[in-house]
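As structure tokens, the structure follows; a few thoughts come after it.
Just follow the structure's listing: the first ligand is 1, and inside any ligand the first atom is 1. In what follows, residues are counted from 1 in the order of the sequence shown.
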Amino acid sequence: MTRTIACVVGARPNFVKMGPILKGLALADPGLRAVLVHTGQHYDEVMSDLFFQQLGLPKPDVHLEVGSGTQGQQTAKILSRYEEWLVGASPRPLATLVVGDVNSTVGCGLASVKLGIPVIHVEAGLRSFDRSMPEEINRLVTDSFAELLLVSEPSGMDNLRREGHSEASMRAVGNVMIDVLKTELPLARELQQPAKLGLKPGSYALWTMHRPSNVDEPGVLAEMAAAMIRIAHRLPVVFPSHPRTKGRLEAAGLWTKLESAPGVHVGPPLGYMEFLSLSSQARIIVTDSGGLQEESTVLGIPCLTLRENTERPVTVSLGTSTLVGRDTKLLMKMVDDVLGGRYKQGRAPDDWDGRAGERIGREVVAFLKDRS
Ligand code: UD1
């Protein structure tokens with residue numbers, strides 16, 4: 001009988017992480033078949049399909065086509081559709097592997113554990129200690145039932161210990177997103193994405209935001225847009241917008257204002273390669289993304305993080321990130337510091353070395369062997 005493991009992806013950051021995980025699994029046990037499940041949380045060409053193409057991911061074996069919805073609707077749909085698939089799956093997967101902190105992570109995890117199929121969580125233990133974030137709830141819930149907790153940075157191990165998880169259940173494996181970055185960086189640079197916008201490498205800021213805390217309150221959103229325009233007086237700002245952010249900006253009448261602001265380059269979301277081409281050659285990154293805090297740390301580029309807290313504290317303590325929250329005055333000061341050569345130099349944790357996928361593969365295979 002074929003032995004299978006179900007590997008779940010749903011949203012953009014999941015797609016990036018899954019490639020090295022699949023490779024690591026195949027390397028550790030060529031007889032184990034990974035069944036790739038796409039929940040359909042992200043579905044647009046640029047939010048999903050392009051990532052599959054560029055990162056050489058196999059076509060999903062299963063597509064749950066859940067689409068968008070409120071937190072509850074989306075998570076419930078993911079849970080029920082994944083449960084339905086698991087119940088009929090033949091052979092029954094030995095485990096479900098989920099990554100990150102999105103609704104697909106918790107939805108599929110919960111369906112799986114309730115059917116007695118163990119859950120493996122990649123990027124376990126991260127905590128922002130901010131329960132107003134949907135992702136923090138997803139992290140806490142997923143780690144509470146996952147049997148194997150694979151951790152990307154030291155704080156994750158500390159958090160899991162404090163929450164009473166056993167040493168046997170947790171493993172430090174490094175950061176799998178960095179595997180992809182290290183592999184793809186040379187090709188991404190060759191794309192010369194800055195030149196396509198008429199920009200020189202090292203001469204522009206790259207801005208991304210999509211968190212509800214920054215884009216859902218009209219007052220905050222207006223302040224963010226004003227700060228972007230102010231920064232563009234100092235250096236050009238490239239702003240590939242997430243669809244939810246674009247929607248909010250349009251509703252507030254701010255989208256056309258940004259489009260016509262001198263030095264602001266607004267545009268649609270970009271593929272992984274185009275985005276890495278831009279991020280790796282930026283002077284400054286301004287973002288509320290979790291993954292980008294980590295990537296900028298490895299790239300050695302100052303990252304001004306539009307968050308009051310972070311579940312990735314190593315990017316602040318060791319790396320290049322500074323939390324500026326929604327304080328646009330502080331943001332402007334930090335931009336001055338960067339341009340004036342007064343910004344800190346960071347470095348990346350030692351095990352963000354491009355080999356996390358291999359370690360994950362080995363840990364998963366050992367876990368499955370112990371259980372059989
Ligand atoms: C989700 C994750 C977030 C992650 C982000 C990366 C959760 C709770 N949040 O947030 O942690 O950082 O993905 O992008 O899982 N939309 C489209 N096309 C798409 C997908 C979404 O237009 O392909 C629009 C829809 O209007 C949708 C909105 O974006 O309602 C939000 O999408 P959703 O997946 O709910 O959350 P994200 O904000 O993308």
- Among Glu294, Glu153, Gln293, whose side chain to side chain donor-acceptor pair (under 3.5 Å) with Arg312 holds? Glu294
- Task: Starting from atom 11 (O) of ligand 1, find the nearest protein heavy-atom neighbour and note its residue, name and distance.
- Result: Glu135 OE2, 2.6 Å
- Message: Give the atom numbers and elements of ligand 1 that come within less than 4.0 Å of a heavy atom of Ser68.
- Response: 25 (C), 27 (C), 30 (O)
- Pick, from Ile137, Asn103, Ile78, Val46, the option with the minimum heavy-atom distance to atom 8 (C) of ligand 1. Asn103
- Item | Check: Thr320/Tyr343 side-chain N/O donor and acceptor closer than 3.5 Å | no
- Identity and distance of the protein heavy atom lying nearest atom 7 (C) of ligand 1: Gln41 NE2, 3.6 Å
- Logged contact type for Met47 with ligand 1, heavy-atom cut-off 4.0 Å, is side chain
- Any idea which atoms of ligand 1 are less than 4.0 Å away from a heavy-atom of Gln74? 34 (O), 35 (O)
- Query: Going hydrophobic residue to hydrophobic residue with side-chain gaps under 4.5 angstrom, can you get from Phe52 over to Val37?
  - Reply: no
- Using a strict 4.0 Å cut-off to heavy atoms of Arg12, name the atoms of ligand 1 that fall inside it. 14 (O)
- Message: Under a 3.5 Å cutoff, is there a donor and acceptor pairing between the side chains of Asp130 and Asn309?
- Response: yes
- Can you pull out the closest protein heavy atom to atom 38 (O) of ligand 1? Residue, atom name and distance to 0.1 Å, please. Arg244 CD, 2.9 Å
- Message: Less than 4.0 Å from atom 26 (O) of ligand 1, is there any heavy atom belonging to the protein?
- Response: no
- Query: Where do Arg127 and Asp101 land on the salt bridge (charged side-chain N to carboxylate O under 4.0 Å, His left out) test, with the steps shown first?
  - Reply: CA-CA 10 Å; Arg127 299 289 180 266; Asp101 54 16; over 6 Å; no
- Give the residue, atom name and distance (to 0.1 Å) of the protein heavy atom nearest atom 16 (N) of ligand 1. Tyr43 OH, 3.7 Å
- Item | Criterion salt bridge (charged side-chain N to carboxylate O under 4.0 Å, His left out) on Asp337 and Lys333, from CA distance to verdict | CA-CA 6 Å; Asp337 283 357; Lys333 183 195 169 296; 2.7 Å; yes
- Item | Residue of the set Asp288, Asp216, Asp44 for which salt bridge (Lys or Arg N to Asp or Glu O under 4.0 Å) holds with Arg244 | Asp216
- Query: Angle class for the Trp255/Phe239 ring planes (parallel below 30°, perpendicular above 60°, tilted otherwise)?
  - Reply: tilted
- Measure up the His63 and His38 rings against each other and bin them: parallel (under 30°), tilted (30 to 60°), perpendicular (over 60°). parallel
- Task: Look at atom 22 (O) of ligand 1 and say which protein heavy atom is nearest, naming residue and atom and giving the distance to 0.1 Å.
- Result: Pro243 CB, 3.3 Å
- Could you list which atoms of ligand 1 come closer than 4.0 Å to a heavy atom of Asp44? 17 (C), 18 (N), 19 (C), 22 (O), 23 (O)
- Is the shortest distance from a heavy atom of Pro13 to ligand 1 less than 4.0 Å? yes
- Message: Suppose we measure from atom 2 (C) of ligand 1 to each protein heavy atom; which comes out shortest, and what is that distance?
- Response: Val102 CG1, 3.6 Å
- Query: Which is it for Glu136 and Arg139 under the salt bridge (charged side-chain N to carboxylate O under 4.0 Å, His left out) test, yes or no, and what are the steps along the way?
  - Reply: CA-CA 5 Å; Glu136 182 72 354; Arg139 291 179 204 115; 2.5 Å; yes
- Is any N or O atom of His42, backbone or side chain, closer than 3.5 Å to an N or O atom of ligand 1? yes
- Item | Test of proximity, Gln71 against ligand 1: N or O pairs below 3.5 Å | no
- Report yes or no: do Val298 and Tyr272 belong to one cluster of Ile/Leu/Val/Met/Phe/Trp/Tyr joined by side chain heavy-atom distances under 4.5 Å? yes
- Message: Only heavy atoms of His210, strictly under 4.0 Å: list the atoms of ligand 1 that pass.
- Response: 4 (C), 5 (C), 6 (C), 12 (O)
